[in-house]
Amino acid sequence: MRTLRTPDRTDCGSVLVLSLLLLVALGGLTTTLALYNLRLQAEHERARDDLRAFCVAEAGLNEAHAVLLAEGFAGARALAYPRATSSGSYAVELLDGRDDDSIDLDRVRLRSVGTAGRDPVGVQLMLYHVPTGKFRFAIFGAEGVRLNSNVVVDSYDPADGPYPDKVEFVNDFGNVGSFDMIEIHANVSVYGDALVSETGVFDDGAPMVKVTGDQQAGELEEEMPAITVPVLTSKGNLSVTSGATIPAGLHRYDSLAVTGGTLRIQGPATVVVDNFTMTSKTALQIDTTGGPVTFYATGNVKLDSNSRIRTNNQSARDFELLITSDNRKGGKTVDLSSNAEFVGTIYAPNARLRLPSNFRVFGAVKAAQVELASNGKIHFDEGLLYDPLAADLFEVVSWRRLSRAEGDAVLAAGGSLP
C-alpha cells in the first residue's frame with residue numbers, strides 16, 4: 001500500500017519569495033538599463049550638438065580668416081555678427097596687437113564662438129602679422145651691437161600721443177638684433193627681444209641686465225639693401241653761418257656746412273649732400289608739417305658735440321637719414337657726436353655708428369655696426385613696423401579650442417548669440 005505525501009508549504013513559500021526577488025531584480029535592472037540608455041542618448045545628443053556648434057564656430061573662424069587675407073582688417077571688421085547658418089549661429093572677435101597690449105604687437109587673434117542648440121563652443125586662431133616696414137628692430141647692427149651702461153631701449157606708439165617722460169618704459173617692442181654679436185653692459189634695460197643669428201654671439205654677462213623678451217639665436221630674415229641715391233643736379237656748396245632755410249623740393253649739394261645758427265629744412269623734401277658738417281652749438285630743424293624729409297649723406301658726416309637735430313613731428317616716418325658712407329676700415333668719417341632728440345630713422349648699411357651719451361632716438365637705427373654710449377635711449381616707433389601702402393601679410397601661428405570662460409568673454413564683448 002502506497003502513502004501519498006502532501007507538498008511542503010514551506011518549500012512553496014520559498015520559491016514564491018525567490019520568484020518575487022528575481023522579478024524585483026529584473027525590474028531594477030530594466031530600470032537601470034533604461035536610465036543608462038537615456039543618459040547615453042543625452043550624452044550622444046550633447047556630443048552631437050557640441051560637434052555642430054564646433055563646426056559652426058570653425059566655419060565662422062574660416063570665414064573671418066579668409067576675409068582678413070583677401071580684404072584686410074577693414075573687410076574683416078565689416079562682417080556683422082551674430083551670423084546665422086542652417087546649423088546654428090556664430091560670432092567672431094578680431095583683436096589686433098597694435099590696438100591691445102594683451103597680445104604681442106605683431107599678432108592678430110581671431111576668436112569664434114558658435115552655438116547649435118546647447119552650450120556655445122569657441123575656437124581661436126593666432127596669426128603672425130608679418131612686418132612690411134623697413135624697420136622691425138629699434139637697433140639692428142648687421143655686424144654687431146654694443147649697448148653701454150645705463151642704456152634703455154623700449155617702444156611707443158606716437159598715435160597714442162608723445163612719449164611720456166615719467167615712466168620707466170612704455171611698450172616692450174624695443175627689439176635689438178644682429179647677425180654677428182650683441183654685447184650688453186651693466187644696468188642696461190631692453191624692453192623687447194635680443195636676437196642673433198645661429199652663428200652669432202650674445203653677451204649679457206654684466207650685472208643688472210634686463211631683457212624682457214626672447215634671448216635666442218636663430219634665423220634672422222633681416223635685409224640690408226643698398227641705398228639708391230637720387231640723381232640730382234648739384235647746387236654747389238652751402239655754408240650756413242647764421243641761419244638758413246632749405247625749402248620743400250629736391251636739392252643736392254657738394255657740401256653742406258652749418259657753422260652758426262639753425263638750418264631749417266621744410267618738407268616735403270629730398271636733400272642729397274656729399275659732405276655734411278655741423279659744428280658745436282648749431283642746429284638742424286626738420287619741419288615736416290607739409291610732408292616728410294629724406295636726407296642722403298654720401299660722404300663725410302660730422303656732427304660735433306652740442307650740435308642738435310630737431311624734428312617737429314612725433315612720427316619717425318617723416319624723417320629718414322640715409323648714410324651711404326663706409327667708415328669701418330678708414331675711408332669716410334661718420335661721427336655723430338651731437339646731443340640730439342632725434343625723431344626719425346637712421347639707416348647706414350656700410351657704416352659703424354657710435355651714438356653718443358644722451359643721444360635720444362624716437363624711431364629706429366640700422367647700420368653695419370651700432371654702439372650706443374652710456375645713458376643713451378632709443379624708443380622704437382611702433383608705426384614703423386608696417387608700411388601703410390603695403391598689403392597686410394599673415395601667417396598662422398597656432399589654433400586651439402577656447403575654454404567656456406573665454407567663449408563667454410567673446411559673447412559678453414558684443415557677439416551675443418540668439
Side-chain angles (χ1 to χ4, degrees), residues 227 229-230 232-327 331-348 350-365 367 370 372-373 376-378:
I227 297 174
V229 180
L232 302 174
T233 300
S234 175
K235 298 179 179 180
N237 301 323
L238 176 61
S239 178
V240 178
T241 59
S242 61
T245 297
I246 296 178
L250 305 177
H251 309 274
R252 181 180 184 113
Y253 301 96
D254 294 332
S255 69
L256 173 57
V258 184
T259 58
T262 298
L263 171 64
R264 184 182 305 274
I265 302 177
Q266 296 178 331
T270 297
V271 179
V272 180
V273 175
D274 291 336
N275 293 292
F276 179 46
T277 302
M278 291 180 65
T279 61
S280 180
K281 298 181 180 180
T282 60
L284 176 65
Q285 179 68 47
I286 308 298
D287 183 357
T288 61
T289 304
V293 172
T294 304
F295 192 102
Y296 294 86
T298 64
N300 296 318
V301 179
K302 192 173 190 319
L303 309 182
D304 287 344
S305 61
N306 298 313
S307 62
R308 293 185 176 274
I309 300 174
R310 301 187 182 97
T311 54
N312 67 329
N313 200 321
Q314 292 298 318
S315 174
R317 289 186 178 280
D318 289 341
F319 181 50
E320 291 184 277
L321 175 57
L322 304 171
I323 301 173
T324 64
S325 310
D326 188 343
N327 65 336
K332 303 296 183 179
T333 297
V334 180
D335 183 6
L336 306 180
S337 299
S338 63
N339 300 324
E341 282 199 357
F342 180 92
V343 180
T345 60
I346 302 174
Y347 179 51
N350 304 310
R352 178 183 184 273
L353 298 184
R354 188 182 189 279
L355 305 182
S357 179
N358 301 315
F359 195 94
R360 195 175 186 190
V361 176
F362 297 85
V365 178
V370 180
L372 191 57
K377 292 179 173 60
I378 294 189

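By convention here, the first residue in the shown sequence is residue 1.
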Quiz item: Under the side chain to side chain contact (heavy atoms under 4.5 Å, CB included) criterion, do Thr311 and Asp318 qualify, and how do the steps go?
Solution: CA-CA 9 Å; Thr311 54; Asp318 289 341; over 6 Å; no
Practice problem: Determine, stepwise, if the pair Asn313 / Val343 fulfils side chain to side chain contact (heavy atoms under 4.5 Å, CB included). | Solution: CA-CA 7 Å; Asn313 200 321; Val343 180; 5.8 Å; no
Self-check item: CA sep, side-chain torsions, deciding dist, call: Val365, Leu372, side chain to side chain contact (heavy atoms under 4.5 Å, CB included)
Solution: CA-CA 10 Å; Val365 178; Leu372 191 57; over 6 Å; no
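A search for side chain to side chain donor-acceptor pair (under 3.5 Å) contacts involving Thr333 returns nothing, not counting sequence neighbours. With sequence neighbours excluded, the residues forming a side chain to side chain donor-acceptor pair (under 3.5 Å) with Asn312 are Asp287, Thr288, Thr289, listed by chain and number. For Lys302, the side chain to side chain donor-acceptor pair (under 3.5 Å) test picks out Asp304, with sequence neighbours left out.
Atom CG of Asn350 sits about 7.0 Å away from atom CD1 of Ile227, to the nearest 0.5 Å. In this structure, the separation between CG on Leu263 and CE on Met278 is 7.5 Å, given to the nearest 0.5 Å. The CG atom of Leu303 sits 5.0 Å away from atom CD1 of Ile309, with the distance rounded to the nearest 0.5 Å. Rounding to the nearest 0.5 Å gives a distance of 12.5 Å between CG of Asp326 and CZ of Arg352. Between atom CG of residue Leu256 and atom CG of residue Leu284 there is a gap of 8.0 Å, rounded to the nearest 0.5 Å.
Between Pro356 and Leu336, the closest heavy-atom pair is CD-O, 2.8 Å. Residues Asp254 and Ser234 approach most closely at OD1-OG, 2.9 Å, considering heavy atoms. Between Thr279 and Thr259 the shortest heavy-atom distance is OG1-CA, 3.2 Å. Nearest heavy atom pair, residue Arg310 against residue Ala283, reads NH1-CB, 3.5 Å.
Between Leu355 and Ile378 the shortest side-chain heavy-atom distance falls below 4.5 Å. Two residues are said to be in side-chain contact when any heavy atoms from C-beta on lie closer than 4.5 Å; Ile323 and Val334 meet this criterion. Residues Asn327 and Ser325 have side chains not in contact (no heavy-atom distance under 4.5 Å, counting atoms from C-beta outward).
Residue pairs meeting the side-chain hydrogen bond (donor to acceptor under 3.5 Å, both in side chains) criterion with at least one member in residues 261-272: none, sequence neighbours excluded. Among pairs with a residue in residues 295-320, those fulfilling ring pair (Phe, Tyr, Trp, His ring centres under 6.0 Å) read Phe276-Phe295, Phe319-Phe342, at least two apart in sequence or across chains.
Side chain of Ser280 to main chain of Ser305: a donor-acceptor pair is present (N/O by atom type, distance under 3.5 Å, no hydrogens or angles). Within the 3.5 Å criterion, the main-chain N or O of Asn300 finds a donor-acceptor partner in the side chain of Asn275.
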Show every donor-acceptor pair shorter than 3.5 Å between a side-chain atom in residues 238-253 and any protein atom, with sequence neighbours excluded, or say none if there are none.
residue: His251; atom: ND1; partner: Lys235; partner atom: NZ; Å: 2.6
residue: His251; atom: NE2; partner: Pro247; partner atom: O; Å: 2.7
residue: Arg252; atom: NH2; partner: Asp274; partner atom: OD1; Å: 2.9

